[in-house]
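Quick note: numbers below take in every heavy atom, side chains included, and nothing from hydrogens, waters or symmetry partners.
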Amino acid sequence: MPVDSPATWMIEQEALALLARLDSVKPFSLLETMLPAAALSPVAQVAIDRFLVEEREALRVDVGAFVAWLRGPGRAASAQAQQRRFVMIRLRFNTTLSHLDMFCDAISQRSENATGVLLSGLEVAAAEALSLPGGFYDDPPMICYLDRGPGAAIRRARTRLPGGRSNPVAMIRVPRERMVGNGIASSLFHEVGHQGAALLGLVDSVREALNVRIAHTRTPRERAAWTLWSRWISEIIADFWAIGRVGITSTLGLLAVVSLPGYFVFRINTDDPHPTPWVRVMLSCTIGQALFPHPQWARLAACWQAFYPLHTTNDDVRAVIEDLLATMPELAGLLAEHRPPSLRGHTLREVLRSPGMEAHRLLAILDEWRLEPRRMRDASPVLVFAVCGQARIAGRLGALEESRLLTRLIIRWALRSTDDITALCALRSDADAPRRVRPLPATASVPAH
């Protein structure tokens, strides 16, 4: 250690050590092994690796500039000033590693036996649920990963990460206990709904409409009910999205998630963005009736009320819930007919309601698939999930059969996606081949075989 400036020397060595550790951070394409069918989509893989490379290069430049400053004008600065400047760079370094770990937690699961392929298939389904006719936005890449817990969650694309940079992909956390079978589509498409709502600016738009409704309330109790709807609107819109995509399949999955001890089912927590579970299921049935009218929604709501009779809760909670029930049909109609600026004059019903999701049509499709299983294998994920949920509530598909069927189909979606990407690359390769082959000179002769 130099005797003239030991503090400066120590800080410089720490900065150089950051560079050494930074060099050990490799792209995921060089780190993770996985089956082709379990791999991320090329768009997602490129987006993540580009994000991390750009972050590492920016940090490398900053560390280099700091070392140059330390060896030049910064050598005359106090040890305190040198340390303060270095600590800020080290904090950025730690943020870069936290981003790496965030993606690593999701990507490393792709190497697990069977799990990786299932996640890849769910990504195909999520991408379809996010895609809307009309070109209202550019679909961001989506990746799924497993974690513990009863519900799913999403880290949306294009939101700020620690450090200020924008997240390059949407990351959907899928609960392990729901893989695969009852409720997976509900959880998955609810989180997709959060991403879609953000891309379309739905939360602010609907909340503005709710504020207008609140301004025209006639009684304090009515005003309190609409104020609660406004507080919960983010989760309500995500539920609306899922119901519009797969119909009663969404509500069945929701019912499974929020089936908790009665205290939690009736608990009204104004700090929670999720509606009270009892109210949430009833609202899901009301939205379903508005989008796909059928007596099944009333029957499902009656089952829920039989599971958790309203009279079993206390008077204060029951009074609030009754006010919410009274305003529920109007809220469902307001959502269905809402015309946000991002949809260019279309209503949410027109854009988010998947065509052909009526109960009788889905059951007719089930009959066709049983006669021709090939048609089910080639069907879209959204339609498959909708048919399975409809068949289950109609008593025509058992839970075990549904789980086995969906497992096979999700794997098939992953394989089909992989085959499509391979075929696309092959076509592009063939199209580029004439440009890549150098023509023989005019005087050259082709040797005989």
Side-chain angles (χ1 to χ4, degrees), residues 18-63 89-127 129-130 138-149 151-176 179 187-188 191-192 194-196 198-199 410 414 417-418 421:
L18 288 186
L19 287 177
R21 294 199 292 274
L22 199 60
D23 288 336
S24 68
V25 178
K26 304 296 183 184
F28 285 112
S29 54
L30 297 177
L31 292 176
E32 299 291 347
T33 59
M34 62 193 75
L35 296 170
L40 297 176
S41 70
V43 176
Q45 180 79 56
V46 169
I48 293 172
D49 275 341
R50 182 176 295 164
F51 173 88
L52 294 175
V53 166
E54 290 174 353
E55 199 166 45
R56 289 197 303 271
E57 290 306 312
L59 184 57
R60 196 185 310 277
V61 169
D62 287 348
V63 173
I89 290 179
R90 189 171 60 185
L91 289 176
R92 285 196 56 197
F93 175 81
N94 291 337
T95 298
T96 298
L97 291 187
S98 71
H99 294 165
L100 175 72
D101 290 338
M102 178 184 72
F103 295 118
C104 189
D105 289 343
I107 295 175
S108 61
Q109 293 179 356
R110 301 310 173 109
S111 301
E112 295 180 16
N113 183 31
T115 298
V117 178
L118 290 173
L119 291 173
S120 182
L122 289 178
E123 288 164 2
V124 175
L130 183 64
D138 294 328
D139 300 4
M142 309 188 79
I143 63 175
C144 296
Y145 68 101
L146 295 181
D147 207 342
R148 65 182 183 274
I154 187 172
R155 185 186 289 270
R156 299 194 311 271
R158 302 166 192 170
T159 55
R160 285 170 58 91
L161 294 173
R165 297 197 65 202
S166 177
N167 187 16
V169 298
M171 302 179 62
I172 299 178
R173 187 188 73 200
V174 179
R176 283 187 182 272
M179 287 285 290
S187 293
L188 185 66
E191 302 308 328
V192 169
H194 280 301
Q195 180 66 71
L199 294 172
I410 291 171
S417 175
T418 303
I421 292 171

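- Within the 4.5 Å cutoff, side-chain heavy atoms of Val192 are placed close to those of Met142.
- Rounded to the nearest 0.5 angstrom, Thr96 OG1 and Leu91 CG are separated by 11.0 Å.
- Across all their heavy atoms, Ala47 and Val169 have their closest contact at CB-CG1, 4.1 Å.
- Distance check, rounded to the nearest 0.5 Å: CZ of Arg155 to CZ of Phe103 gives 8.0 Å.
- A donor-acceptor contact shorter than 3.5 Å links the side chain of Asn167 to the backbone of Arg156.
- Note that CG of Asp147 and CD1 of Ile172 are 14.0 Å apart. Values are rounded to the nearest 0.5 Å.
- Using a 4.5 Å heavy-atom cutoff, the side chains of Pro141 and Leu40 are not in contact.
- For the pair Leu118/Leu146, no side-chain contact is recorded, criterion being any heavy-atom separation below 4.5 Å from C-beta on.
- The backbone N or O of Val117 lies less than 3.5 Å from no partner atom in the side chain of Ser120, so there is not a single donor-acceptor pair.
- Across Leu18 and Arg90, no two heavy atoms sit closer than the pair CD1-CA, 4.2 Å.
- In terms of heavy-atom proximity, Glu191 sits nearest to Ala152 at OE2-O, 3.1 Å.
- Glu55 places none of its side-chain heavy atoms less than 4.5 Å from the side chain of Leu161.
- Rounded to the nearest 0.5 angstrom, Arg60 CZ and Leu22 CG are separated by 4.5 Å.
- No side-chain heavy atom of Thr95 sits under 4.5 Å from any side-chain heavy atom of Arg165.
- In terms of modelled atom types and a separation under 3.5 Å, the side chain of Gln109 and the main chain of Thr115 share no donor-acceptor contact.
- Two residues are said to be in side-chain contact when any heavy atoms from C-beta on lie closer than 4.5 Å; Pro168 and Arg50 fail this criterion.
- To the nearest 0.5 Å, atom OG of residue Ser98 and atom CZ of residue Phe93 are 11.0 Å apart.
- Ring-plane geometry between His99 and Phe51 is classed as tilted, the angle between the planes lying from 30 to 60 degrees on a 0 to 90 degree scale.
- Distance check: Asp139 CG to Leu130 CG gives 4.5 Å after rounding to the nearest 0.5 Å.
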